[in-house]
Amino acid sequence: MADPKGFMNTPRREWPRRPVEERVRDWDEVYVPGALLPIISKQADRCMDCGIPFCHDACPLGNLIPEWNDLVSREDWRAASDRLHATNNFPEFTGRLCPAPCEAGCVLAINQPAVTIKNVECAIADRAWEEGFAQARPPERLSGKTVAVIGSGPTGLAAAQQLTRAGHTVAVYEKDDRIGGLMRYGIPEFKMEKRHLERRIEQMRAEGTKFRTSTAVGRDVGAVELRGRYDAVVIATGATAWRELPVPGRELYGIHQAMEYLPLANRVCEGDLEVSPLSAAGKHVVIVGGGDTGADCLGTAVREGAASVTQLDIYAQPGTERDEETEPWPTYPKVYRLSAAHEEARDLRTAPAADADARLFAASTLHFEGDGSGRVRSLHLVEVDESRRPVPGTGRALPADLVLLALGFSGPDQKDGLIGQLGLELETRGTIARDDGFATSVPGVFAAGDAARGQSLIVWAIAEGRAVAAAVDRWLTGSSRLPAPVSPRDRPMRV
């Protein structure tokens, strides 16, 4: 550790965000450009270089956090980049999008604010690109083996990059017109500008990975045919089967899934559309679902100029401090967090009736009411107790011209025919069944990421991509030197 008293003398400082009034007028990232590097070396000094760093266990990638914190504190950016990329293919993604379970597991967090691990990670990744440290690494020789990766989200891209670097010829199949999966069309530009994604894709192209866009396996190309053309297949399609809200009035026009709404806003940013067909401009918007996808809808609706935006969360409002009895350190606690989107909604007062920022907590949707012509006009809700039972006398209605359902995902979408054509076995919850080596019930076909694990964090997606790559490499060649940070049975640290 560069400064043995850094954690005692230096307070936690995070990457400052731009003023709300400024950032809601554009789609650029919410952070102040260039404001991270001046503070990050001192923040890295706060790392205690623990003898048993629990941040390692909290992060499924096994990131070497104390090592690159020490290197950043000494401003050895090249070495820090090497240590970071040794465990993470895409640290600029996780540095912006991961909720940082590593920080919850930081030993300093036992009685102080944790080290800003996520900010340090992001600073290293950005500096690596600026200084030319993130060079393409094409293989020295080819193995003669071919692999198809279906899906270009973080799992598919991580698997493809690892397998390409191991010498296999890899083609990534993506059903959309651009590579990136949910990072492309699900994550708003203000959370991660797509230039970060584009340069990783170009790096992978330079290494030899091939990309096939606008190709839905099972529909545009037969799944069995594809399996016959490659020595191995990796299914990394994600969990895109969204959960429904079966309440009266669901059929009314103006009620949409979050993943119908967010891609259109992203296409506006890509230049494909001038205005989203589902734009929230001038509308009263209600978002059903209290997670990150709901917050993404919130920030998007604010930027589109909604008349009001309210987010419903069925859970009670959490406290600001960890409950040591129910969620002891180093587990990831459920505490009140203020995302950039919620900060914007609070300052702009987009939901005057909300409990905090734009959120109504402990709120359950009863039914929707229309305007007589088939369009949604209002959402009727009721407060619920800890068992999600309605509290008598708490019913009320919110005006709603646009309702967005952000209730999560249940597993991979089966409409394209991929799963059925291959005859893959499924778990009871709808995810793809696999053994301890990521192999499915079909020889040579492997499954990783949300399609098999279920909906999870981006850091788990990348970890699964790296691990399935090692499994495929071993199956093709008999052994593998690729790292496998997780197994299919591993789970996040919980009580």
Side-chain angles (χ1 to χ4, degrees), residues 57 60-62 87 89 143 145-164 166 168 170-173 181 217-218 223-241 409-414 416-494:
D57 287 332
L61 284 166
T87 57
N89 297 70
S143 68
K145 301 293 185 179
T146 59
V147 183
V149 176
I150 306 173
S152 67
T155 298
L157 292 181
Q161 185 166 63
Q162 292 294 94
L163 288 165
T164 296
H168 307 304
V170 181
V172 178
Y173 287 79
V217 177
V224 176
E225 174 194 349
L226 188 79
R227 173 64 190 94
R229 284 161 45 187
Y230 291 87
D231 295 308
V233 172
V234 175
I235 299 174
T237 53
T240 55
F409 305 90
S410 59
D413 194 341
Q414 300 186 43
D416 287 337
L418 166 64
I419 291 173
Q421 290 175 21
L422 289 174
L424 296 173
E425 294 181 5
L426 300 177
E427 301 286 358
T428 55
R429 56 186 179 145
T431 54
I432 299 173
R434 56 186 179 172
D435 64 16
D436 290 341
F438 293 88
T440 70
S441 55
V442 178
V445 178
F446 299 77
D450 290 3
R453 173 173 289 275
Q455 185 180 355
S456 190
L457 305 178
I458 185 172
V459 69
W460 278 93
I462 297 173
E464 287 239 342
R466 290 171 66 86
V468 76
V472 172
D473 186 40
R474 188 178 303 109
W475 190 79
L476 291 172
T477 66
S479 63
S480 180
R481 299 177 65 183
L482 294 176
V486 295
S487 80
R489 313 302 173 212
D490 287 341
R491 292 292 180 268
M493 286 193 297
R494 293 193 178 98

Straight-line distance of [X] [atom1] to [Y] [atom2], nearest 0.5 Å:
{"X": "M493", "Y": "D57", "atom1": "CE", "atom2": "CG", "result": "6.0 Å"}
{"X": "D413", "Y": "T240", "atom1": "CG", "atom2": "OG1", "result": "4.5 Å"}
{"X": "L418", "Y": "L424", "atom1": "CG", "atom2": "CG", "result": "6.5 Å"}
{"X": "I432", "Y": "L422", "atom1": "CD1", "atom2": "CG", "result": "9.0 Å"}
{"X": "T146", "Y": "L476", "atom1": "OG1", "atom2": "CG", "result": "8.0 Å"}
{"X": "D473", "Y": "H168", "atom1": "CG", "atom2": "NE2", "result": "3.5 Å"}

With heavy-atom distances below 4.5 Å as the criterion, would you say the side chains of [X] and [Y] are in contact?
{"X": "Q161", "Y": "L157", "result": "no"}
{"X": "V170", "Y": "V149", "result": "yes"}
{"X": "P412", "Y": "I419", "result": "yes"}
{"X": "D450", "Y": "T155", "result": "no"}

Of all heavy-atom pairs between [X] and [Y], which one has the smallest distance, and what is that distance?
{"X": "P154", "Y": "A461", "value": "CG-CB, 3.8 Å"}
{"X": "L482", "Y": "A166", "value": "CD1-CB, 4.1 Å"}
{"X": "A159", "Y": "A469", "value": "O-CB, 3.8 Å"}
{"X": "P483", "Y": "A470", "value": "O-CB, 3.8 Å"}
{"X": "V172", "Y": "A160", "value": "CG2-CB, 3.5 Å"}
{"X": "F438", "Y": "V486", "value": "CZ-O, 3.7 Å"}

Which pairs pass side chain to side chain donor-acceptor pair (under 3.5 Å) with one or both residues in residues 454-465, sequence neighbours excluded?
-> R434-E464, R453-E464

Could you tell me which residues satisfy side chain to side chain contact (heavy atoms under 4.5 Å, CB included) with R429, sequence neighbours excluded, listed by chain and number?
-> E427, T431, R491

Tell me, which pairs form a salt bridge (Lys or Arg N to Asp or Glu O under 4.0 Å) where one or both residues lie in residues 226-237, sequence neighbours left out?
-> E225-R229

Within the distance-only criterion (no hydrogens, no angle test), does the side chain of T87 pair as donor or acceptor with the backbone N or O of L61 below 3.5 angstrom?
-> no

Under 3.5 Å donor-acceptor, Q421 side chain and G218 backbone =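 Side chain of Q421 to backbone of G218, a donor-acceptor pair under 3.5 Å: yes, one is there.
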
side-chain contact (heavy atoms from CB on, under 4.5 Å) between V233 and I150, intermediate numbers included = CA-CA 8 Å; V233 172; I150 306 173; 3.7 Å; yes

